[in-house]
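Everything on this sheet refers to the single structure shown next.
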Amino acid sequence: MDILLVGCGKMGGAMLRRWLDAMPARFTTVNRSGRALPPGTEHVTGPDALTGRRFDAIIIAVKPQQIPDVMPAYAGLLADGGCYVSIAAGFSTGSLANLLHQAPVVRIMPNLPALIGRSVNGLFAGPTCEQHHRELADQLARATGTAVWLDDEDELDRLTAVAGSGPGYVFEIARSYIAAAETLGFSKETARSLVLETMGGAIEMATRSDQDVAELRNSVMSKNGTTEAGINVLRRDGQLDELLRDTTRAAYDRAVELR
């Protein structure tokens with residue numbers, strides 16, 4: 001199988017490294033610079049270098065705002081029976097098909113842990129996709145983590161707000177948590193280790209457990225103890241719940257704008 005990857009930023013590069021290890025395919029990458037590209041991929045700087053080539057799949061990994069300007073130049077490079085696979089947030093299958101001669105389009109919404117094989121991937125297939133297009137997209141997704149097929153495209157945008165953007169929320173919470181630990185007198189290095197190991201252990205425990213996370217939280221608390229004192233501040237006036245609702249809603253609204 002001959003696959004073209006258009007764009008190779010952080011997300012595209014993270015996924016490409018997993019694909020090269022897991023898939024029996026030849027990858028050609030279009031990127032302005034070939035720096036930091038993994039070995040095993042052919043590199044070109046633009047569509048002019050691909051004249052006469054045809055690809056079984058073309059993966060769209062440029063920013064959503066760049067798609068209308070960038071992708072029409074690749075519309076003639078798809079082989080018969082091939083499909084486009086987009087990892088760009090927000091840009092709908094219908095909008096992509098209109099740019100790309102009504103070719104089949106599958107969207108994958110990954111997240112950054114694709115770099116370590118722990119991506120949560122939401123998938124949605126456009127109406128003209130066939131079973132072998134879905135199978136290819138599923139294979140691409142599972143090479144980087146898990147694959148969750150969704151029934152409609154709005155659900156994919158909602159997944160984007162929760163899982164696609166989610167690592168950014170987690171990193172920001174960790175940053176603030178580390179800064180708080182520093183105010184208690186720990187060095188930056190010690191605070192980072194304490195916070196990340198604590199968060200990592202707690203998340204792994206929750207992942208392995210069948211208990212509701214509220215039950216796990218309660219198992220840490222003793223009446224009038226230190227954890228309860230901290231939790232009471234976190235839950236003051238429902239501010240944390242409201243903040244996270246607003247966070248995910250803002251990300252979803254932006255995904256809708258990008259359609």
Check for a donor-acceptor pair, side chain of His101 on one end and backbone N or O of Gly76 on the other, with a separation under 3.5 Å.
no

Nearest-0.5 Å distance, CD1 of residue Ile178 to CD1 of residue Ile173:
12.0 Å

Ser193 side-chain N/O to Glu189 backbone N/O, donor-acceptor pair under 3.5 Å:
no

Main-chain N/O of Met205 paired with Ser209 side-chain donor or acceptor, under 3.5 Å:
no

Once rounded to the nearest 0.5 Å, what's the spacing between atom OG1 of Thr144 and atom CZ of Arg18?
8.0 Å

Evaluation steps, salt bridge (Lys or Arg N to Asp or Glu O under 4.0 Å), between Asp253 and Arg249:
CA-CA 6 Å; Asp253 289 345; Arg249 171 58 64 173; 3.8 Å; yes

Are the side chain of Glu228 and the backbone of Asn224 linked by a donor-acceptor contact shorter than 3.5 Å?
yes

Please check: side-chain N/O of His133 versus main-chain N/O of Tyr84, any donor-acceptor pairing under 3.5 Å?
no

I'd like to know if the side chain of Thr45 and the backbone of Arg32 have a donor-acceptor N/O pair within less than 3.5 Å.
no

Nearest 0.5 Å please: distance from the CZ atom of Arg54 over to the CG atom of Asp56.
12.0 Å

Kindly give the heavy-atom pair with the smallest separation between Leu112 and Met11, and that separation in Å.
N-CE, 3.3 Å

Not counting sequence neighbours, which residues clear side chain to side chain contact (heavy atoms under 4.5 Å, CB included) with Lys63? List them please.
Gln65, Gln66

Is the shortest heavy-atom distance from the side chain of Phe186 to the side chain of Val195 under 4.5 Å?
no

Between Glu257 and Arg254, does any side-chain N to carboxylate O distance fall below 4.0 Å?
yes

Might you work through the salt bridge (Lys or Arg N to Asp or Glu O under 4.0 Å) test for Asp138 and Arg134, ending with a clear yes or no?
CA-CA 6 Å; Asp138 194 83; Arg134 294 174 63 93; over 6 Å; no

Any donor-acceptor N/O pair, Thr248 side chain to Leu244 backbone, under 3.5 Å
yes

What's the separation between atom OG1 in Thr227 and atom CG in Asn232, rounded to the nearest 0.5 Å?
10.5 Å

Check whether Asp157 reaches the backbone of Val256 with its side chain - one donor and one acceptor, N or O, closer than 3.5 Å.
no

When you compare the side chains of Arg53 and Thr28, does any donor N or O come within less than 3.5 Å of an acceptor on the partner?
yes

For the CD1 atom of Ile231 and the CZ atom of Arg217, what is their distance to the nearest 0.5 Å?
6.5 Å

As an exercise, state the distance from CG of Leu123 to CG of Leu150, rounded to the nearest 0.5 Å.
7.5 Å

State plainly whether the residues Arg158 and Glu155 are in salt-bridge range, i.e. N to O under 4.0 Å.
no

Pair Arg175-Glu172, salt bridge (Lys or Arg N to Asp or Glu O under 4.0 Å): steps then yes or no
CA-CA 5 Å; Arg175 180 206 61 77; Glu172 177 60 13; 2.8 Å; yes

All side chain to side chain contact (heavy atoms under 4.5 Å, CB included) counterparts of Glu215, not counting sequence neighbours
Gln211, Asp212

